[in-house]
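Position 1 is the first residue of the sequence; numbering continues from there. Just so it is clear, the structure is predicted and the values come from calculations on it, not from any experiment.
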Amino acid sequence: MRRILIPAALLALAAAGGEPLRRIPSDFLGGSTANIEAWDRELGYVGNPNVLGRQDRTLFTVDFADFIDAGRVESARLTIRLGVFGQIDANHIEIEKFPRERPPLVNLDLLSQEPESFASVTVERGDHQAEVELDVTGAVNAALYVGYGALTFRLRNATTETLGNRHSQAEGVSVTPQNITLELVP
């Protein structure tokens with residue numbers, strides 16, 4: 001498995017003075033942008049999971065409402081473990097963040113124009129898995145500052161959404177809620 005670190009310098013959790021608290025998503029939804037009725041809460045694809053040009057996306061919300069009173073965290077790291085599938089040359093995966101706290105996720109959020117670019121990663125040919133680590137301390141603290149207790153992210157495959165189903169085969173990445181972790185150091 002190839003590890004993709006964003007940014008390159010990992011958080012020094014031991015130096016942060018506290019044990020990290022681990023959270024998995026409190027809400028999760030994956031589905032097709034081509035057929036809004038095709039969605040799932042257990043498995044998310046990002047790309048085309050079959051020969052059809054579905055352009056699947058995945059959304060998830062991580063909750064940290066118990067830090068609202070404190071108003072900040074020392075550090076926050078988001079880890080996303082992706083499974084790579086299909087006839088892949090290279091897929092550019094966009095990690096987008098919704099700018100405000102979301103109610104429970106619904107299938108129309110797959111099409112929302114609200115998310116802002118947060119980070120991106122390229123998954124290469126030959127990868128079977130990829131692990132993305134993001135320092136999200138600034139985003140968590142900004143949310144806490146305005147009284148939000150959660151962040152929602154969306155994963156989108158910019159390659160398949162731009163080029164379509166170029167091999168008439170499945171291609172992209174998959175993720176489950178259990179493969180997403182937010183580590184918070186108070």
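Results of the side-chain contact (heavy atoms from CB on, under 4.5 Å) test with Leu82 over Asp127, Thr58, Leu155 single out Leu155 as the only residue that passes.
By the side chain to side chain donor-acceptor pair (under 3.5 Å) test, Asn48 is found to be paired with no residue, residues two or more places apart in sequence or in another chain being considered. Partners of Arg72 according to the side-chain contact (heavy atoms from CB on, under 4.5 Å) rule, which considers only residues two or more places apart in sequence or in another chain, are Glu74, Asn141. Under the side-chain contact (heavy atoms from CB on, under 4.5 Å) criterion, Thr79 pairs with Arg77, Arg81, Glu131, Glu133, not counting sequence neighbours. Remark: Asp89 engages Arg125, His167 in a side chain to side chain donor-acceptor pair (under 3.5 Å) (not counting sequence neighbours). Residues meeting the side chain to side chain donor-acceptor pair (under 3.5 Å) test with Asn165, sequence neighbours left out: none. In this structure Ala142 satisfies the side-chain contact (heavy atoms from CB on, under 4.5 Å) test with no other residue, sequence neighbours excluded. With sequence neighbours excluded, the residues satisfying side chain to side chain donor-acceptor pair (under 3.5 Å) with Arg156 are Glu96, Glu161.
Considering CD1 of Ile180 and CD1 of Ile24, their distance stands at 9.0 Å, rounded to 0.5 Å. One finds the CZ atom of Arg22 at 8.0 Å from the CD atom of Glu19 (value rounded to the nearest 0.5 Å).
Sorted by first and then second residue, the ring pair (Phe, Tyr, Trp, His ring centres under 6.0 Å) pairs involving residues 89-148 (not counting sequence neighbours) are Phe118-Phe153. For residues 168-177, the side-chain hydrogen bond (donor to acceptor under 3.5 Å, both in side chains) pairs, not counting sequence neighbours, are Asn91-Glu171, Arg166-Glu171, Thr176-Gln178, Thr176-Asn179. Listed by first and then second residue, the side-chain hydrogen bond (donor to acceptor under 3.5 Å, both in side chains) pairs that reach into residues 28-40 come to none, sequence neighbours excluded.
Contact check for Val46 versus Asp56: no side-chain heavy atoms found under the 4.5 Å cut-off. Using a 4.5 Å heavy-atom cutoff, the side chains of Ser75 and Thr137 are in contact. The shortest distance between side-chain heavy atoms of Val73 and Phe64 does not fall below 4.5 Å. Residues Val175 and Val173 have side chains not in contact (no heavy-atom distance under 4.5 Å, counting atoms from C-beta outward). Residues Leu182 and Val136 form a side-chain contact, since some pair of their non-hydrogen atoms from C-beta on lies under 4.5 Å apart.
Hydrophobic cluster of Leu43: the remaining members, joined at side-chain heavy-atom separations below 4.5 Å, are Tyr45, Phe85, listed by chain and number.
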N/O donor to acceptor pairs below 3.5 angstrom from side-chain atoms of residues 105-112, sequence neighbours left out:
residue : atom : partner : partner atom : Å
Asn107  : ND2  : Ile36   : O            : 3.0
Asp109  : OD1  : Arg102  : NH2          : 2.4
Asp109  : OD2  : Val106  : N            : 3.0
Ser112  : OG   : Glu114  : N            : 3.0

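In this structure, the side chain of Arg23 engages the main chain of Asp63 through a donor-acceptor pair within 3.5 Å.
Of all non-hydrogen atoms in Ala143 and Leu151, the two that sit nearest each other are CB-CD2, 4.0 Å. Shortest non-hydrogen contact noted between Ala119 and Leu134 is CB-CD2, 3.7 Å. Contact between Glu101 and Gly149 at its shortest, heavy atoms only, is OE2-N, 2.7 Å. The two residues Pro25 and Pro177 come nearest to each other via the heavy atoms CD-O, 3.2 Å.
Follow the hydrophobic side-chain contacts under 4.5 Å out from Val140 and you never reach Leu59; the two are in separate clusters. Put simply, Ile95 and Phe28 are part of the same group of oily side chains (I, L, V, M, F, W, Y) that touch within less than 4.5 Å, one to the next.
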Check the pair Phe67, Leu184 against side chain to side chain contact (heavy atoms under 4.5 Å, CB included), reporting the backbone distance first and the verdict last.
CA-CA 10 Å; Phe67 288 93; Leu184 300 157; 3.6 Å; yes
What's the verdict on side chain to side chain contact (heavy atoms under 4.5 Å, CB included) for Glu183 and Leu21, showing C-alpha distance, side-chain angles and the deciding distance?
CA-CA 5 Å; Glu183 287 186 352; Leu21 302 171; over 6 Å; no
